[in-house]
Protein chains: 2
Amino acid sequence: MPAPLISHDEVVDRLCQVFQRLGYDGASLAELSRGTGLGKSSLYHYFPNGKEEMALAVLRRAHTWVEQHAVAPLTGEGSPKERLERMLKAVDSLYAGGKNPCVLGNLVVGAARHLYQRQLRSTFSTWIEGLERLGLEAGLSRRTARERAEDVVLQIEGALILCGGLDDPTSFRRVLRKITKEFLASE
Amino acid sequence: MPAPLISHDEVVDRLCQVFQRLGYDGASLAELSRGTGLGKSSLYHYFPNGKEEMALAVLRRAHTWVEQHAVAPLTGEGSPKERLERMLKAVDSLYAGGKNPCVLGNLVVGAARHLYQRQLRSTFSTWIEGLERLGLEAGLSRRTARERAEDVVLQIEGALILCGGLDDPTSFRRVLRKITKEFLASE
DNA sequence: GTCTATAATAGGATAGAC
DNA sequence: GTCTATCCTATTATAGAC
């Protein structure tokens with residue numbers, strides 16, 4: 001029984017990169033195999049339900065990422081502004097300054113949208129609610145906190161789409177700076 | 001020689017709906033055939049280069065839509081605010097108040113991104129530049145006009161992604177109202 | 001746990017009748 | 001201009017050796 005060449009977590013990370021690049025319908029088993037360095041059969045060993053289960057694992061990973069790198073920093077040490085900046089730094093790094101697409105955004109397209117509606121809603125909601133709590137704590141009204149929280153997520157997703165379409169990551173970085181300045185501003 | 005059952009424009013409109021719903025990789029010939037009501041061979045009669053040419057026709061249609069319904073209203077009669085509102089009304093109608101995905105945004109995903117990079121960049125740029133000219137005319141600085149123009153497009157795209165993920169169109173309508181209030185505000 | 005080989009199906013595309 | 005029938009390839013998925 002040979003030892004696994006890479007850890008299960010590492011497999012999911014690499015699958016994530018493929019879905020991020022190609023979306024659900026565009027990610028063929030051949031690409032998933034290439035991207036992980038594993039044969040198709042090895043993938044089926046990890047994920048008996050095939051591609052559908054692979055994408056599910058990727059979405060669970062994305063959810064965990066949001067909890068750990070987007071939401072958790074918002075409740076840690078420092079001022080609200082410092083905490084917000086920690087989140088934005090993690091986001092900037094994840095998306096390579098606007099050069100990478102968003103795996104969540106890409107999985108809203110095509111067959112994946114309905115297959116994973118629950119997971120997508122849950123992950124987006126988790127992120128928004130974390131931001132909303134920070135806004136509340138910083139003294140924003142409930143309504144403003146909620147709206148600005150939604151706007152943060154939607155502007156990040158939209159910037160990644162636009163940067164993909166323009167083939168130019170410039171506006172992503174600007175949007176991140178804009179969020180830093182505007183999210184906690186007085187009403 | 002039987003008369004065509006539907007016009008060429010109507011065929012492109014229906015193809016557009018399929019690509020809007022499924023993205024490029026998810027839009028199979030079978031779905032494209034179902035969506036148009038035409039057999040595969042009829043589609044190949046209209047588009048000898050197959051699916052690639054169909055998506056190209058759809059992107060040309062989208063570009064025309066942007067010119068006619070998003071950019072043209074910005075230079076018509078009325079105050080800058082009234083003109084902006086005309087554009088937003090057309091956008092609201094096109095996306096069914098946030099319930100429909102954006103065909104441009106969906107074609108930034110997967111194989112289509114590189115196949116149609118030029119068309120995507122051109123269409124997004126046309127839209128942004130139209131908004132930028134309106135901002136300039138309304139007295140905004142060049143820098144602010146450009147940034148707010150980008151923000152309009154990116155917030156619309158992002159709202160559609162978020163509404164898709166949350167399965168709730170609420171924030172799309174809110175974003176449209178927000179743009180009305182903020183795009184022309186003094187700096 | 002990974003591989004090669006292969007089955008079964010769906011995809012894109014074409015031929016030729018009408 | 002549209003159809004039915006068909007081809008070829010890619011895709012998902014499985015079997016079985018090591």
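No hydrogens, no waters, no symmetry mates; every other heavy atom, side chains included, goes into these values. Note on naming: letters A, B, ... go to the chains in the order of the sequence lines (proteins, then strands), and numbering restarts at 1 for each one.
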(request) Please check if the side chain of Asp167(A) supplies one atom and the backbone of Arg121(B) the other of a donor-acceptor pair under 3.5 Å. (result)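 Absent.
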(message) Treating Thr75(A) as the side-chain partner and Ala72(A) as the backbone partner, does any N or O pair qualify as donor plus acceptor under 3.5 Å?
(response)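 Indeed, once roles are kept as given, a pair shorter than 3.5 Å links the two residues.
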(message) I need the minimum non-hydrogen distance between Gly97(A) and Pro169(A), along with the two atoms involved.
(response)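 The pair with the smallest heavy-atom distance is O-CB, 3.4 Å.
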(request) Identify the heavy atoms of Thr36(A) and Val11(A) that sit nearest to each other, and give their distance. (result)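 Of all heavy-atom pairs spanning Thr36(A) and Val11(A), the closest is CG2-O, 4.0 Å.
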Give a yes or no on whether a salt bridge exists between [X] and [Y], defined as a side-chain N under 4.0 angstrom from a carboxylate O.
X	Y	value
Arg174(A)	Asp151(B)	yes
Glu137(A)	Arg83(A)	yes
Arg146(B)	Glu150(B)	yes

(request) Evaluate whether atom CD of Glu187(A) has more than 12 neighbouring non-hydrogen atoms of other residues, nucleotides or ligands under 6.0 angstrom away. (result)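 Yes.
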(request) Using the six-membered ring wherever Trp is involved, compare the ring planes of Phe47(B) and His8(B) and label them parallel, tilted or perpendicular (cut-offs 30° and 60°). (result)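 Tilted: the ring planes of Phe47(B) and His8(B) meet at 30° to 60°.
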Rounding to a whole Å, what distance do you find between [X]:[atom1] and [N]:[atom2]?
X	N	atom1	atom2	value
Lys40(A)	dA15(D)	NZ	C1'	14 Å
Ile6(B)	dG1(D)	CD1	P	12 Å
His8(A)	dT2(C)	NE2	P	11 Å
Glu53(B)	dG12(C)	CD	P	15 Å
Met54(B)	dG11(C)	CE	C1'	12 Å
Leu43(B)	dG11(C)	CG	C1'	14 Å
Phe47(B)	dG1(D)	CZ	C1'	13 Å

(request) Ignoring backbone atoms, test whether His45(A) places a side-chain nitrogen or oxygen under 4.0 Å from the OP1 or OP2 oxygen of dT2(C). (result)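 No, no such contact exists.
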(message) For a quick test of reading the model: is some side-chain N or O of Tyr44(A) closer than 4.0 Å to OP1 or OP2 of dA13(D)?
(response)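 Yes, within the criterion.
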(request) Tell me which residues in residues 29-39 of chain B put a heavy atom below 4.0 Å from DNA chain D, sorted by number, or none. (result)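 Leu38(B), Gly39(B) - these, ordered by number, are the residues of the stretch whose heavy atoms sit under 4.0 Å from the strand.
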(message) Using the rule side-chain contact (heavy atoms from CB on, under 4.5 Å), only one of Leu15(B), Ile6(B), Leu32(B) pairs with Leu38(B); which is it?
(response)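 Between Leu38(B) and the candidates, side-chain contact (heavy atoms from CB on, under 4.5 Å) is satisfied uniquely by Ile6(B).
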(message) Using the rule that Ile, Leu, Val, Met, Phe, Trp and Tyr join whenever any side-chain heavy atoms are under 4.5 Å apart, tell me whether Leu160(B) and Tyr116(A) fall into a single cluster.
(response)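 In one cluster with Leu160(B): Tyr116(A), yes.
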Between protein and nucleotides 15-18 of chain C, what N or O pairs are separated by less than 3.5 Å?
| unit_1 | atom_1 | unit_2 | atom_2 | d |
| --- | --- | --- | --- | --- |
| dA15(C) | N6 | Ser41(B) | OG | 2.6 |

(request) May I ask you to say what Lys51(A) touches in the nucleic acid, namely base, sugar-phosphate or nothing, with a heavy-atom cut-off under 4.0 Å? (result)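 Sugar-phosphate, backbone atoms only, no base.
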(message) Please convert DNA chain C into dot-bracket. A pair counts if it is Watson-Crick or G-U wobble with both distances under 3.5 Å; crossing pairs go in [ ] and bases paired with another strand get |.
(response) ||||||||||.|||||||
(request) Between dA13(D), dC3(C), dG1(D), spot the one nearest the side chain of Ser42(A), thanks. (result)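 From the listed options, dC3(C) comes nearest.
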